[in-house]
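Because only heavy atoms are used, hydrogens play no part in the values below, and waters and symmetry mates are left out as well, while side chains stay in.
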Amino acid sequence: MFEETRPYNDSEIPGAIARLIANPFLGTLVKYLFPDTDLQDFKKELHTISTVEEFQEKVMLKAIWSIVHKTCSGFSWEGFDRLDNGHRYLFIANHRDILLDAALLQIILRENHLRTSEITFGNNLMQGELVIDIGKMNKMFRIVRGGTVHDFYRNSMEVSSYMRHALLEKGESVWIAQRNGRTKNGIDKTESAVLKMFSISSPLPFVENLGELNITPVVISYEYEPCDFRKTQEMYISQYQRYIKEPGEDLSSILHGVTQQKGQVHIAVAPTITREELAECDRLEKNFKFARLAEIIDQRIYAHYKLWKTNFIAYDLLNQSSKFADKYTDAEKEHFTAYMEEGLVGLCGEKDKLRNQFLRIYAGPVKETCAL
């Protein structure tokens, strides 16, 4: 059941571990993530792993904390006291980094003695034996993107059915992004199509259908946006022509997001969508139910978004104002400006337009948050 979609179960872990040990790139990963660990000792540790939980505890959670210590100057969280191990949640999250958004959530779930969640992972990223094995051992399941209208519906039904199965039958929480692909313009907006996809796997009425999923917004806020200059270049090109990714670009973005310095990072769990809120949506005409639910989720996300100095500086630079000058110092403004100008040197296009595009990435959350 769900053979093409689901993550690995415990019986498949030994085979995946054997392939991981034999992979020639394992040494490179270990050297970066665990520089003080001998490769042979690491392989011996891998041989002791026989379950998904053991792989997460002995490898993945340690690896993610290693990334945090290497690339984050601070890491904070809030709202996890709202969660209960006796319940399962459909975490719908803003999406800024391909890998880290969901990965960072997992280590904080564990810090708060909560079960880790299963994680959606695009089929465009599930490529290569190493990535597939590590992903599926880490509770990642495949979501297929692209194709014909018929393919889209069939794939949406598969993912919707699997998520409901994971939540209600397997007893696993699930993480999914609020939209298809990362936010690249700094504005986090929930796509109604994602919410409609949640519902198609059940014949229950709207409130009961979505209410049993425990839809819970999760918000991640980076002081320095992962892949900020790459996003700037993509958005600039997209103004003039259809942006076509280079082969291997997604994997390159994963590696860049992992290794880039991110400054401070904050994760917030917002209150779960209530049945009363769903009933409010249900009173609307069919085409507006999901749009209103998307608005409620967006309001939750921006109410819990953590604004950093970089956001306020970018807003003032973009608008040639000093509206938020009390939020940062002149030295901090100079540092951020120098960071921006240095990164823009490597981009192709008109520098003024690239500069404005870069600033919009950071200024967007200020505009949306202040509009609440």
Same cluster or not: are Met157 and Val194 linked, directly or through other Ile, Leu, Val, Met, Phe, Trp or Tyr residues, by side-chain heavy atoms under 4.5 angstrom apart? no
List the steps, then state whether side-chain hydrogen bond (donor to acceptor under 3.5 Å, both in side chains) holds for Thr337 with Glu334. CA-CA 5 Å; Thr337 302; Glu334 290 175 7; over 6 Å; no
Candidate list Asp97, Asp101, Asp228, Thr310, test side chain to side chain donor-acceptor pair (under 3.5 Å), partner Tyr222, passing option: Asp101
For Lys170, does the NZ atom have more than 12 heavy-atom neighbours from other residues, nucleotides or ligands under 6.0 Å away? yes
In this structure, are over 12 heavy atoms from other groups packed under 6.0 Å from Lys351 atom NZ? yes
Between Ser117 and Ser173: side-chain donor-acceptor atoms closer than 3.5 Å: no
Please verify the inter-ring angle class for Trp175 with His95; under 30° counts as parallel, over 60° as perpendicular, anything in between as tilted. perpendicular
Just by modelled atom types, is the Leu307 backbone N or O under 3.5 Å from a matching donor or acceptor in the Asn311 side chain? no
Worked check of salt bridge (charged side-chain N to carboxylate O under 4.0 Å, His left out) between Glu3 and Arg142: CA-CA 10 Å; Glu3 290 302 305; Arg142 191 179 71 148; over 6 Å; no
Which of parallel (below 30°), tilted (30 to 60°) and perpendicular (above 60°) describes Phe75 and Trp77? perpendicular
Within a 6.0 Å radius of atom CZ on Phe206, are there more than 12 heavy atoms belonging to other residues, nucleotides or ligands? yes
Taking the six-membered ring of Tyr32 (Phe, Tyr or Trp), confirm whether the NZ or CZ of Lys70 is under 6.0 Å from its centre and within 45° of its axis. yes
Does NZ or CZ of Lys136 lie under 6.0 Å from the centre of the six-membered ring of Phe141, at an angle within 45° of the ring axis? no
Step-by-step side-chain hydrogen bond (donor to acceptor under 3.5 Å, both in side chains) determination, Glu158 to Thr5: CA-CA 8 Å; Glu158 172 77 5; Thr5 301; 2.7 Å; yes
Separation between NZ of Lys184 and CD1 of Ile361, rounded to the nearest 0.5 Å: 10.0 Å
In terms of heavy-atom contacts, Ile98 and Ser253 come closest through CD1-CB, 3.8 Å
To the nearest 0.5 Å, how far apart are CG in Leu104 and CD1 in Ile267? 5.0 Å
Following the transitive rule for hydrophobic clusters with a side-chain heavy-atom cut-off under 4.5 Å over Ile, Leu, Val, Met, Phe, Trp and Tyr, establish whether Leu284 and Leu293 coincide in one cluster. no
Is it true that atom CD of Glu53 has more than 12 heavy atoms of other residues, nucleotides or ligands lying nearer than 6.0 Å? no
When you group the ILVMFWY residues by side-chain heavy-atom contacts below 4.5 Å and let the links chain together, are Tyr240 and Phe358 in the same group? yes
Output for pair (Ile49 CD1, Ile17 CD1), nearest 0.5 Å, gives 4.5 Å
Is it true that the side chains of Thr216 and Thr272 contain a donor and an acceptor less than 3.5 Å apart? yes
Taking it one step at a time, do Lys333 and Asp330 satisfy salt bridge (charged side-chain N to carboxylate O under 4.0 Å, His left out)? CA-CA 5 Å; Lys333 182 177 180 180; Asp330 289 341; over 6 Å; no
Using a 6.0 Å cut-off, check whether atom CG of Asp38 has over 12 heavy atoms from anything other than its own residue. yes
Please tell me whether Ile200 and Leu167 are part of a single hydrophobic cluster in this structure, the criterion being side-chain heavy atoms less than 4.5 Å apart. no
Audit row: Gln260, Thr71, side-chain contact (heavy atoms from CB on, under 4.5 Å) steps and yes/no: CA-CA 6 Å; Gln260 178 184 345; Thr71 68; over 6 Å; no
I'd like to know whether NZ of Lys231 has more than 12 heavy-atom contacts from other residues, nucleotides or ligands below 6.0 angstrom. yes
Hey, could you give me the CD1/CE distance between Ile64 and Met60, rounded to the nearest 0.5 Å? 4.5 Å
Please verify the inter-ring angle class for Trp65 with His69; under 30° counts as parallel, over 60° as perpendicular, anything in between as tilted. parallel
Give a yes or no on whether the backbone of Asp151 and the side-chain of Thr148 come within a donor-acceptor separation of less than 3.5 Å. yes
Quick one: CG on Leu114 to CG on Asp84, what's the gap to the nearest 0.5 Å? 8.0 Å
The residue among Arg88, Arg164, Lys139 that forms salt bridge (Lys or Arg N to Asp or Glu O under 4.0 Å) with Glu172 is Lys139
Leu278, Ile296: one ILVMFWY side-chain cluster at the under-4.5 Å cut-off? yes
Residues Glu223, His266; criterion side-chain hydrogen bond (donor to acceptor under 3.5 Å, both in side chains); working and verdict: CA-CA 9 Å; Glu223 183 179 12; His266 184 76; over 6 Å; no
One pair to check against salt bridge (charged side-chain N to carboxylate O under 4.0 Å, His left out): Glu280 and Arg283. What are the steps and the verdict? CA-CA 6 Å; Glu280 173 199 332; Arg283 286 192 286 270; 5.6 Å; no
Just wondering, more than 12 heavy atoms not from His256 lying within 6.0 Å of its NE2? yes
Would Lys62 and Glu57 count as a salt bridge (charged side-chain N to carboxylate O under 4.0 Å, His left out) if you check the C-alpha gap in whole Å, the side-chain angles of each, and the deciding distance to 0.1 Å? CA-CA 7 Å; Lys62 290 181 180 179; Glu57 291 291 338; over 6 Å; no
Under a plain distance cut-off of 3.5 Å, with no hydrogens placed, do Arg230 and Gln233 share a side-chain donor-acceptor pair? no
side-chain hydrogen bond (donor to acceptor under 3.5 Å, both in side chains) assessment of Asn23 paired with Glu129: CA-CA 9 Å; Asn23 196 289; Glu129 184 179 79; 4.5 Å; no
Does any donor atom in the side chain of Ser238 or Glu234 lie under 3.5 Å from an acceptor atom in the other side chain? no
Should we say atom CD of Glu169 is surrounded by more than 12 heavy atoms from elsewhere, each under 6.0 Å from it? yes
May I ask you to decide if the ring planes of Tyr224 and Tyr362 are parallel, tilted or perpendicular, using 30° and 60° as cut-offs? perpendicular
The test is side-chain contact (heavy atoms from CB on, under 4.5 Å); show your working for Gln264 and Ser221 and say whether it passes. CA-CA 8 Å; Gln264 300 185 79; Ser221 314; over 6 Å; no
Partner of Asp188 by salt bridge (Lys or Arg N to Asp or Glu O under 4.0 Å), out of Arg179, Arg300, Arg96: Arg96
State, without any angle test, whether Gln56 and Asn138 hold a side-chain donor-acceptor pair at a distance under 3.5 Å. yes
For Tyr339 and Phe229, take the angle between the two ring planes, folded into 0 to 90°, and tell me which bin it lands in: parallel under 30, tilted 30 to 60, perpendicular over 60. tilted
Test item: side-chain donor near acceptor, Ser76 and Lys306, under 3.5 Å: no
Can you see whether Asp316 engages Ser321 through a side-chain donor-acceptor pair at a distance of less than 3.5 angstrom? yes
How far apart are the C-alpha atoms of Phe121 and Ile143, what are their side-chain angles, what is the distance that settles it, and do they pass the side-chain contact (heavy atoms from CB on, under 4.5 Å) test? CA-CA 6 Å; Phe121 206 57; Ile143 180 169; 5.8 Å; no
Decide whether a cation-pi geometry holds between Lys327 and Phe312; the criteria are a distance under 6.0 Å from NZ or CZ to the six-membered ring centre and an angle within 45° of the ring axis. yes
